[in-house]
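The structure appears right after this line, and notes come after that.
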Amino acid sequence: MLLSSGMIGYSEPLAVMHAACFDKPWSVDDFRSLLKLPTTVGWITDTSFLLCSRILDEMEILTIGVLPFARQCGEASDLLLTLFNYATAQKVRYIFLEVAVNNEPARSLYQKNGFKQTGYRHGYYQEKNELIDALCLTKDLLSVE
């Protein structure tokens, strides 16, 4: 289901799913605040979600997750394809995101889906008592590579 600004009723299911996917989950209020913004767009299924922020011809993936029991079945790739189709129809050119350098499954997913490294952020994520660097990735929807 396509989520857009004002669909705050999905805040609780998103928070529950996010908590099942990540060690540092976002709260219901975090999702409520995001879903109030006119720049927020995303998708939710029974087992996965993706939220983005869109400004002009750019989108940033804010969070994407697949419940642990549903991983390795292509859902994240399906969500990205849905995003790419939506973004192309909306005349978006670039999609950005950050990913932890130690998150090999996510890095592989993004590489497989045409994202290229365009930057690096030192100490961007905190895991337990350790700062983890992040890769900044970009997909140019007009690139023929």
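A 4.5 Å side-chain heavy-atom check between F84 and I95 finds at least one atom pair inside the cut-off. The closest side-chain heavy-atom distance from V66 to C21 is not below 4.5 Å. With a 4.5 Å cut-off on side-chain heavy atoms, L80 and Y110 count as touching. Residues L51 and L35 form a side-chain contact, since some pair of their non-hydrogen atoms from C-beta on lies under 4.5 Å apart. Looking at heavy atoms from C-beta onward, L67 lies out of side-chain contact with S48 at the 4.5 angstrom threshold. The shortest side-chain heavy-atom distance between K112 and S77 falls under the 4.5 Å cut-off. Side-chain contact check for F49 versus L79: every heavy-atom pair is 4.5 Å or farther apart.
Sorted by first and then second residue, the pairs that involve residues 16-35 and meet salt bridge (Lys or Arg N to Asp or Glu O under 4.0 Å), not counting sequence neighbours, are D29-R32.
The ring-ring contact (aromatic ring centres under 6.0 Å, His included) check on F31 picks up H18, W26, with sequence neighbours excluded. Every residue two or more places apart in sequence or in another chain was checked for a salt bridge (Lys or Arg N to Asp or Glu O under 4.0 Å) with E75, and none qualifies. Annotation: salt bridge (Lys or Arg N to Asp or Glu O under 4.0 Å) contacts of R121 (sequence neighbours excluded): E98. In terms of the side-chain hydrogen bond (donor to acceptor under 3.5 Å, both in side chains) criterion, residue partners of Q90 (sequence neighbours excluded) are, by chain and number, R54. Shown here are the salt bridge (Lys or Arg N to Asp or Glu O under 4.0 Å) partners of E130, two or more places apart in sequence or in another chain: there are none. Annotation: side-chain hydrogen bond (donor to acceptor under 3.5 Å, both in side chains) contacts of T82 (sequence neighbours excluded): none. With sequence neighbours left out, the side-chain hydrogen bond (donor to acceptor under 3.5 Å, both in side chains) criterion links T118 to T138. R107 pairs by the salt bridge (Lys or Arg N to Asp or Glu O under 4.0 Å) definition with E104, not counting sequence neighbours. Every side-chain hydrogen bond (donor to acceptor under 3.5 Å, both in side chains) that E127 has, sequence neighbours left out, goes to N102.
Closest of all the heavy-atom pairs between A19 and P25 is CA-CB, 3.4 Å. Closest approach of V28 to S11, counting heavy atoms only: O-CB, 3.7 Å. Closest heavy-atom contact between M17 and T47: CE-C, 3.4 Å. Taking all atoms of both residues into account, the shortest heavy-atom contact from L131 to G123 is CB-CA, 3.8 Å. Closest non-hydrogen pair, C52 versus L83, comes out as SG-CD1, 3.8 Å. Here the closest heavy-atom approach between residue A15 and residue S27 is recorded as CB-C, 3.9 Å.
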Go through the steps for R93 and D140 under the test salt bridge (charged side-chain N to carboxylate O under 4.0 Å, His left out), then give the verdict.
CA-CA 6 Å; R93 172 140 190 203; D140 181 346; 2.9 Å; yes

Test side chain to side chain contact (heavy atoms under 4.5 Å, CB included) on I8 and K36; report intermediate values, then the result.
CA-CA 7 Å; I8 60 172; K36 285 181 182 178; 3.7 Å; yes

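Atom OG1 of T40 is separated from atom CG of L62 by 6.5 Å, given to the nearest 0.5 angstrom.
For CD of Q111, the number of neighbouring non-hydrogen atoms (other residues, nucleotides, ligands) closer than 6.0 Å is 12 at most.
Under the 4.5 Å side-chain heavy-atom criterion for Ile, Leu, Val, Met, Phe, Trp and Tyr, V16 and L34 are members of distinct hydrophobic clusters. Note: the hydrophobic cluster containing L37 also contains Y10 (ILVMFWY, side chain heavy atoms under 4.5 Å, direct or indirect links). Taking hydrophobic clusters as Ile, Leu, Val, Met, Phe, Trp and Tyr residues chained together by side-chain heavy-atom distances below 4.5 Å, F22 shares a cluster with I44. Placement of V101 and Y125 within a single hydrophobic cluster is found when ILVMFWY residues are connected by side-chain heavy-atom separations under 4.5 Å, directly or transitively.
With ring centers used as reference points, Y124 lies 6.0 Å or more from H122.
A donor-acceptor contact shorter than 3.5 Å is absent between the side chain of N103 and the backbone of V99. Of the possible polar contacts, none joining the K116 side chain to the K139 backbone as a donor-acceptor pair under 3.5 Å is found.
Y94 forms part of a hydrophobic cluster together with F96, judged by ILVMFWY side-chain heavy-atom separations under 4.5 Å. In this structure, I55 belongs to a hydrophobic cluster whose other members, linked by side-chain heavy atoms under 4.5 Å apart, are L56.
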